[in-house]
Amino acid sequence: MMKEAYIPDFEGWKKEIMENKTAVWKKEFDAKWESFLKERDERSERARKELSIPFKQRMRMRQQKTEEERMRDREFAKQDDSYMLEARREWDKKRNLSNILGSMGGRNSRIRSFLKDGGGGLLRILLDNYPGKATEVFKYLKLAGYEEGEMMELVDREEGKTEETEFLYQSPLGRKFLKEKKQKK
């Protein structure tokens, strides 16, 4: 299971996931956001022009605002709040995805270390519990996810040919491994 869960090119995979997910979210959000920003800029410009008018005149103008203009202002304020909330949700989605991918990166790194270090001492445990029983050792290595060709490589890499592992090298799988190793040299 760990071998299947391991992603060798995790950074490339992570980049692809981030681009795909954010592209979908961005497309949905950008159209609404652009029109909102345009309207907001227009309102800001009107407010700036209004500030250039002397205070007394400005107060009279505000009093003369129609109910329709006030409704529009309230509607814009609601719209402003909803767009800001949507922008926050967008940012939260990206942050959550980034957190998930960060966790997956740590997990992937631990799996890589586990696989690189030979299964965290699994062979040592098997040798201690099943001395002289090659079939048992190979059975549990197979259950751990090692394939037939990888088992003797693991034994050779982790323990080498010692008194404790001699019985593994004498098994049919071990003899086959030694024969292949001799041919490679």
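Count residues from 1 along the sequence. The figures here come from the full heavy-atom set of this structure, side chains too, leaving out hydrogens, waters and symmetry mates.
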Side-chain touch E150/E147, heavy atoms, less than 4.5 angstrom: yes
Aromatic ring centroids of Y140 and Y130 under 6.0 Å? yes
What distance do K14 atom NZ and E19 atom CD have between them, rounded to the nearest 0.5 Å? 12.5 Å
Test side chain to side chain contact (heavy atoms under 4.5 Å, CB included) applied to F76 and M71, step by step: CA-CA 8 Å; F76 182 77; M71 289 280 284; over 6 Å; no
Which value, rounded to the nearest 0.5 Å, describes the distance between E180 atom CD and E153 atom CD? 8.5 Å
Pair R89 + D92, salt bridge at N-O below 4.0 Å: no
Kindly give the heavy-atom pair with the smallest separation between L123 and V155, and that separation in Å. CD2-CA, 3.6 Å
Any chance CD of E75 has more than 12 other-residue heavy atoms, nucleotides or ligands included, within less than 6.0 Å? no
So, E136 side chain and K133 main chain: donor-acceptor pair closer than 3.5 Å or not? no
Decide yes or no on side chain to side chain contact (heavy atoms under 4.5 Å, CB included) for E166 and E163, but give the supporting numbers first. CA-CA 5 Å; E166 184 65 36; E163 231 178 82; 5.9 Å; no
How many angstroms lie between atom CZ of R107 and atom CG of L101, to the nearest 0.5 angstrom? 12.0 Å
When rounded to the nearest 0.5 Å, the distance separating CG of L178 from CD of Q170 is 10.0 Å
Could you check K142 against K139 for side chain to side chain contact (heavy atoms under 4.5 Å, CB included), going step by step and ending with a plain yes or no? CA-CA 5 Å; K142 188 170 184 162; K139 177 176 104 176; 5.8 Å; no
Can you spot which of L173, L127, T162, L141 makes a side-chain contact (heavy atoms from CB on, under 4.5 Å) with L168? L127
Criterion side chain to side chain contact (heavy atoms under 4.5 Å, CB included) on M152 and F138, from CA distance to verdict: CA-CA 9 Å; M152 282 308 296; F138 291 138; 3.6 Å; yes
I need the F177 CZ to E148 CD distance, nearest 0.5 Å. 13.0 Å
Report the C-alpha separation of E164 and R124 in whole Å, then their side-chain angles, then the decisive distance to 0.1 Å, and conclude whether the salt bridge (Lys or Arg N to Asp or Glu O under 4.0 Å) test is met. CA-CA 10 Å; E164 277 186 299; R124 182 78 263 150; 2.6 Å; yes
S171 side-chain N/O to A134 backbone N/O, donor-acceptor pair under 3.5 Å: no
So CG of L97 and CD1 of I17: to nearest 0.5 Å the spacing works out to 8.0 Å
Minimum side-chain heavy-atom gap W13-M104 below 4.5 Å: yes
Using a 3.5 Å distance criterion without hydrogens, assess whether the side chain of S103 forms a donor-acceptor pair with backbone atoms of N99. yes
Check whether L85 and W91 end up in the same hydrophobic cluster, where Ile, Leu, Val, Met, Phe, Trp and Tyr are linked by side-chain heavy atoms less than 4.5 Å apart. no
Between Y169 and D156, do the side chains contain a donor N or O and an acceptor N or O under 3.5 Å apart? yes
